[in-house]
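FYI, the numbering just counts along the sequence from 1.
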Amino acid sequence: MTEMHSIKNYKLVLASASPRRQQLMKDAGFTFEVRLKDVEEKYPDGLALEKVPEYLSGVKAEAFRDELKPDEVLVTADTVVCIHDKILGKPTGREDAIRMLQELSGARHLVVTGVSVTTCTEQLSFSSFTNVFFKALSIEEIEYYVDTYKPFDKAGAYGIQEWIGYIGIERIEGSFYNVMGLPVQKLYETLRMLQF
């Protein structure tokens, strides 16, 4: 039996409205259903920035734990962009997106995705880290991207798979798919470790 066949023996549930996460799961050959809940994404003061996504993925999983059936596996995730010892969340609008991209311009930042894989009996969690290096972006490039692609649902106000990634990112260290919001290879390996 192949590894993918053994993974298909249980029902995967993705708790994410992100179209990018859903597309990455499909492209990786996973069959899954999407379930959504409003979960308040709060974390303790003093928690190290790089630990925030994994903590929040666990918070999201907790909201579904009592509803999981014995043959179901829940996947929850959270992605943050870290620069200058702070987290850049999703922009509140056009000006905020421009401000964020100006801060990322010509600098290195860290993208961290935390993932929790949860069943009725166990939970496996991990974090994936990618360093992203942007060239110095002109204000014209930033405004064109924000006005054309409207990246208001993306942490750090950009999508690596969009125009800004093609023209602005000089290099990355780590997983490309992690920057899109789901480190698929690590997820696959974690699903293989589940005890059923």
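Within the 4.5 Å cutoff, the side chain of L187 has heavy atoms near those of the M25 side chain. Put simply, the side chain of V81 reaches to within 4.5 Å of the side chain of L104, judged on heavy atoms. When side chains are defined from C-beta on, V73 counts as touching L191, because their heavy atoms get closer than 4.5 Å. Counting heavy atoms from C-beta outward, Q23 and D27 have side chains that approach closer than 4.5 Å. Contact check for V112 versus L110: side-chain heavy atoms found under the 4.5 Å cut-off. With a 4.5 Å cut-off on side-chain heavy atoms, I98 and I139 count as touching.
A155 approaches T79 most closely through the heavy-atom pair CB-O, 4.0 Å. Here the closest non-hydrogen pair linking V115 and A77 is CG2-CB, 4.1 Å. For S16 against R21, the heavy-atom pair with the smallest separation is OG-NH1, 3.3 Å. Between G168 and L137 the shortest heavy-atom distance is CA-CD2, 4.0 Å. Closest of all the heavy-atom pairs between L101 and G156 is CD2-O, 4.2 Å. The two atoms that bring V80 and P53 nearest to each other are CG2-CG, 3.4 Å, heavy atoms only.
How far CZ of F134 is from CZ of R171: 14.0 Å, rounded to the nearest 0.5 Å. Rounding to the nearest 0.5 angstrom, the gap separating the CZ atom in F176 from the CD1 atom in I169 is 7.5 Å. To the nearest 0.5 Å, atom CD of residue E50 and atom SG of residue C82 are 7.5 Å apart. Atom CD of E143 sits about 11.0 Å away from atom OG1 of T148, to the nearest 0.5 Å. Taken from OH in Y149 to NZ in K154, the straight-line distance is 10.5 Å, to the nearest 0.5 Å. The structure places CG of D71 at 4.5 Å from NZ of K11, a figure rounded to the nearest 0.5 Å.
Clustering ILVMFWY residues whenever any of their side-chain heavy atoms sit less than 4.5 angstrom apart, transitively, puts F133 in a cluster other than the one holding M100. Hydrophobic clustering (ILVMFWY, side-chain heavy atoms < 4.5 Å, transitive): V117 and Y177 are in one cluster. V184 and V13 are not part of a single hydrophobic cluster, where members link through side-chain heavy atoms under 4.5 Å apart. L74 and L36 sit in two unconnected hydrophobic clusters of ILVMFWY residues. Membership requires side-chain heavy atoms under 4.5 Å apart, directly or through other members. Using a 4.5 Å cut-off between side-chain heavy atoms of Ile, Leu, Val, Met, Phe, Trp and Tyr, with links allowed through other members, F126 and L124 fall into the same hydrophobic cluster.
A salt bridge links K86 to E103: at least one charged side-chain nitrogen sits closer than 4.0 Å to a carboxylate oxygen. Of the charged side-chain nitrogens involved, at least one lies within less than 4.0 Å of a carboxylate oxygen, so that R192 and E189 count as a salt-bridged pair. The pair K51-E54 does not count as a salt bridge, with every side-chain nitrogen at least 4.0 angstrom from each carboxylate oxygen. Between K135 and E141 there is a salt bridge, since at least one side-chain N of the basic residue sits less than 4.0 Å from a carboxylate O of the acidic one. Salt bridge status for R35 with E33: present, with a side-chain N to carboxylate O gap under 4.0 Å. Salt-bridge formation is not detected for the pair R108/E173: no Lys NZ or Arg NE/NH1/NH2 atom is positioned less than 4.0 Å from an Asp or Glu carboxylate oxygen. Using a 4.0 Å cut-off between a side-chain N of Lys or Arg and a carboxylate O of Asp or Glu, D153 and R20 qualify as a salt bridge.
Taking the six-membered ring where the residue is Trp, Y158 and H109 present perpendicular rings, their angle passing 60° and hence far from 30°.
No more than 12 heavy-atom neighbours from other residues, nucleotides or ligands sit within 6.0 angstrom of OH on Y43. Counting non-hydrogen atoms of other residues, nucleotides and ligands closer than 6.0 Å to NZ of K90 gives a total of 12 or fewer.
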Item to check | Derivation of the side-chain contact (heavy atoms from CB on, under 4.5 Å) call for V146 and F152 | outcome: CA-CA 8 Å; V146 170; F152 308 126; 4.1 Å; yes

Item to check | Residues R94, D147; criterion side-chain contact (heavy atoms from CB on, under 4.5 Å); working and verdict | outcome: CA-CA 8 Å; R94 181 180 187 272; D147 291 339; 2.6 Å; yes

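Under the 3.5 Å distance criterion, with hydrogens and angles disregarded, no donor-acceptor pair is assigned to the side chains of Y10 and E72. The closest side-chain donor-acceptor pair between S57 and D78, if any, does not fall under 3.5 angstrom.
With hydrogens and angles disregarded, no donor-acceptor distance shorter than 3.5 Å links the side chain of T76 to the backbone of A15.
Cation-pi contact between K37 and F64: present, with separation from the ring centre below 6.0 Å and deviation from the ring axis of at most 45°.
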